[in-house]
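What follows is a short report on a single structure.
Just so it is clear, the values below take in all heavy atoms, side chains as well, and ignore hydrogens, waters and symmetry mates. Worth saying up front: this structure is predicted, and the values here are computed from it rather than measured. Ligands are counted one by one from 1 in listed order, and the atoms in each one are counted from 1 as well.
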Amino acid sequence: MWLTRISRKSREAQIGAASFAAALMLAVAFILSGLADSFEQPLRDGRDQLRLSPATGEIVIVEIDGRSLEALEQWPWPRGHYATAITELDRLGAEQIAFDVDFSSRSIPAEDERLAQALAEISQPAILATFRQVNQAGEQQTITEALPLKQFRDHAFIASVNVDPADSGRITMYPNGVVTNGTPRPSLANMLAKAGGEVDTAFRVDQAIDIMSIPRISFIDLLDGRVPRAAVAGKQVVIGATAIELFDRYPTALFGVQPGVVIQVQAAETLLQDRARSGTGQWLVLTVVALLLGAHLVQQLRGRGGAIRGAMLAAIMAGVLVVSALALDQFAWTYIALSGPLVFLGAFIVALRFLVGVVNLQAARFTDLASSLPNRTAMQHALKQKNDPMIAAARLADFGEIVTVLGVERIGELDRVVARRLRLLAGVEEIFRLDNGVFAWFMSPEHCDDPEDAFASARALFTAPFDIAGERLRLVSHFGSAEGSIENAEDASELARQRGLGWSANARALHEETQFRQRLLGELDEALESGAISVVFQPKLQLEENAIRSGECLVRWVSPQLGAISPADFIPVLEEKNRIDDLTLFVLREALKRRDEASALGKPLNLSVNVSAQLLADTAFIAATVDLLEATATRSVGGLTLEITESAPMKNSELSRVALERLNAAGARISIDDYGTGQASLNYLQDFPAQEIKLDQSFIRNLMADNKDRIMVQSTIELAHALGFDIVAEGVEDATILATLTDLGCDYAQGWHIGKPTVWSEFVERLGQQPTLGVAA
Ligand code: C2E
Ligand code: MG
Ligand code: MG
């Protein structure tokens, strides 16, 4: 899993590279599709708006405006009006006069003559307009030129007034000159600005030149002599139509729709103010920006990224780009296209943010929040990349107690400290946190070779004290291992814990055990009903009289599914799941019933029933037992004994004492079972209402072989008698032992030598008789 394998830094660099590639592709597509240019347009308008600046005032427009049209009443005007106008302008000292008016067709000859006359008479030759026209006739395309009449041309300069609107209708580019039928013509703006320029090339009209600041004079004012000398003296004057009625209008970036003549002057002003700017295309700036950012990312990939993160750098670059573009705008040096590069930088930042978000989300999925250790999901991912590796799990014993000592808020710290030690012990880099107090890792090859040894030393070293949050703790861990399955390793560690082992590799045992438990619990009720659970009886020999007058009830379970199950297997399960009460009451009822039956046969019988320690704390159980005992108390001779393991009174002495007193008062004898296996002394037990001590089989079996056991048995018998207890020896398997016990003064003997546990019909036969010893019943 690359996320956990690679370092955080190089992960960042990889994300950077991916974002870079994505952003670059987007920007290239953006430019190639032409979208960049569409976006550039409004951007440029905005930038132009910022640097709006006035016209020089050196070029004045004489407007053929609505007012003049109205005053002169007829259109087209007799050319004599133009003659009057230029004569007046000349008189007022205009430096040069230019026309954006079509004089290519003839009018009334006298009027034409007047104009020709005036043109010849003014001190500087005027500039007359020529229009190039493209005529389309079917496939055939011809180009003609609408030149002014020869009689005008003779005394004037000719300038082209052709413009070439862009798709938007705007006049963005303005030609320096046009070639028509082989004849080159400079354009009007170039002539006005006295600027050179190659024909068939164009320059960009500076939209930021404030059209409104171009001085204007109404044609009619000129005719009527109302124009002061100062308005035109020494200036260039362009006569052209501005009246809406004359239709010569174009949209502009910042000033709405404007007459052609105004745009001609704006173009002339562009040259005059030297504001015809070259511009960098989208590609150049994009390349520069991408190279800079790319270089930074490469540095980062090499682990020398420095402090600046990719997104930050991109944002800074965007800022610098915009500021320098605006600055260059102001100085009218060059125009930097921004839309492509900005889309690139923006897309890079967005992609980076997005990917970092995704990766963080991924990382969160793979990390335990409190400890920052990789979690189970992380391990599952890592597992997929490996080929059935050996997995080890460590499980802290008594996790609940540890948390009580440390507090929940310190679990993260505990996990980190434990993981650190496990890293050393396991010789691996990565420890995964699976659960509370459960960790796992992929075992190193050395450990796989001899896991038993590896875990033995790991367990020993693990027990060295831990310092966690100012507490010094000694922790115990159980280890488990399995091939290729995290769950199996975990289960093996659980099995190790349950069985008190240092290490287990047997996960299946736990599964089987769990399954067994589940089945057992599922079958219990039915088994009690159906007879799958039954009671057998083992005789107890009264040694002094050499007669059998008592016995122990032992439960048997023959399951249709699981076969014969030993009490040693199912009793602990029922105890753990708190189902032991039902079983015990079942045995108790059976015992009381059989005792009554024996009594009816004239055979007094005392039967003992085993009671689990935990039932002494179960008041409902005690009440039910007392009820049963009291209900049957008067019915028969003989009695009932309850066997409680030695450890029971130690666990909760007060509760146990009260329970035992109640049971005792209800007529039950109390016997201490398996005496000698626990910590209770007879002196201690003396304080409890018990009448019988059952010496554990382990001492009896070794009676002949082990002198210590013999002394223990002898002294116990003596002390028990002194304290008023009857004493029973369990596990009597041969005649020698029986003879020895008789010599030592033991009261009762129980064991295979006297009789194995057996069904009621057989047991009842032997009641009151002297046993036929040596023959197992
Ligand atoms: P326990 O109460 O100490 O019962 C004595 C066990 O020793 C019985 O095993 C019995 O069959 C066995 N035994 C008797 N004589 C000999 C002998 O000479 N040699 C050997 N090796 N074993 C002998 P069992 O019946 O398997 O019961 C085992 C344990 O299960 C019992 O130990 C008792 O703690 C528990 N148990 C049995 N029935 C019940 C019950 O009804 N309720 C409860 N709570 N526990 C029961
Ligand atoms: Mg017993
Ligand atoms: Mg016993």
Which ligand 1 atoms are under 4.0 Å away from a heavy-atom of [X]?
X	result
R556	11 (O), 25 (O)
E730	1 (P), 3 (O), 4 (O), 5 (C)
D674	3 (O)
G751	15 (N), 18 (O)
I571	43 (C), 45 (N), 46 (C)
S612	44 (N)

I'd like to know whether D582 forms a salt bridge (charged side-chain N to carboxylate O under 4.0 Å, His left out) with R579, so could you lay out the CA-CA distance, the side-chain angles of the two residues, the decisive distance to 0.1 Å, and finally the verdict.
CA-CA 6 Å; D582 290 342; R579 298 298 310 273; 3.3 Å; yes
Around [atom], find the nearest protein heavy atom and jot down its residue, atom name and distance.
atom	result
atom 32 (O) of ligand 1	D673 OD2, 4.7 Å
atom 10 (C) of ligand 1	L554 CD1, 3.7 Å
atom 45 (N) of ligand 1	N610 CB, 3.5 Å
atom 11 (O) of ligand 1	P757 CG, 3.5 Å
atom 38 (N) of ligand 1	V555 N, 3.2 Å
atom 16 (C) of ligand 1	W752 NE1, 3.2 Å
atom 41 (O) of ligand 1	V587 CG2, 3.6 Å

Listed protein N/O/S atoms, distance to the Mg ion (ligand 2) under 2.8 Å:
E552 OE2, N610 OD1, E643 OE1, D673 OD2
Which of these, [options], has its nearest heavy atom closest to [atom]?
atom	options	result
atom 21 (N) of ligand 1	E733, E575, H753	E733
atom 29 (C) of ligand 1	S566, S608, P567	P567
atom 6 (C) of ligand 1	Q750, Q614, Q697	Q697

Hey, are [X] and [Y] close enough for a salt bridge, meaning a charged N less than 4.0 Å from a carboxylate O?
X	Y	value
R416	E413	no
E552	K694	yes
D726	R669	yes

Counting only heavy atoms on the protein side, is anything nearer than 4.0 Å to atom 2 (O) of ligand 1?
yes
Scan the protein's non-hydrogen atoms and note whether one is under 4.0 Å from atom 34 (O) of ligand 1.
no
Under a heavy-atom criterion of less than 4.0 Å, does [X] contact ligand 1?
X	answer
A568	no
Q538	yes
E552	yes

May I have the step-by-step check of side-chain hydrogen bond (donor to acceptor under 3.5 Å, both in side chains) for S671 and E643, ending in yes or no?
CA-CA 5 Å; S671 173; E643 292 186 11; 4.8 Å; no
How about [atom1] on [X], more than 12 heavy atoms from neighbouring residues, nucleotides or ligands closer than 6.0 Å, or not?
X	atom1	result
E409	CD	yes
R519	CZ	no
E526	CD	no

Under the criterion side chain to side chain contact (heavy atoms under 4.5 Å, CB included), which of L406, T404, I411 is the partner of V408?
I411
Are the side chains of R472 and F466 in contact, using a 4.5 Å heavy-atom criterion?
no
Tell me, do L615 and D581 make a side-chain contact under 4.5 Å, heavy atoms counted?
yes
Would D696 and R701 satisfy salt bridge (charged side-chain N to carboxylate O under 4.0 Å, His left out), going step by step from the backbone distance to the final call?
CA-CA 9 Å; D696 191 67; R701 216 169 294 139; over 6 Å; no
Think R376 forms a cation-pi with F432, using NZ or CZ under 6.0 Å from the six-ring centre and within 45 degrees of its axis?
no
Answer yes or no for K540 and Y748: cation-pi contact, defined as NZ/CZ to six-membered ring centre under 6.0 Å and angle to ring axis within 45°.
yes
Audit row: F455, W503, ring-ring contact (aromatic ring centres under 6.0 Å, His included) steps and yes/no:
CA-CA 6 Å; F455 283 114; W503 165 65; 5.4 Å; yes
R549 side-chain N/O to N606 backbone N/O, donor-acceptor pair under 3.5 Å:
no
Just heavy atoms, cut-off under 4.0 Å: does V609 contact ligand 1 by side chain, backbone, both, or neither?
neither
Scan side-chain atoms only and decide if S566 and D569 contain a donor-acceptor pair under the 3.5 Å cut-off.
no
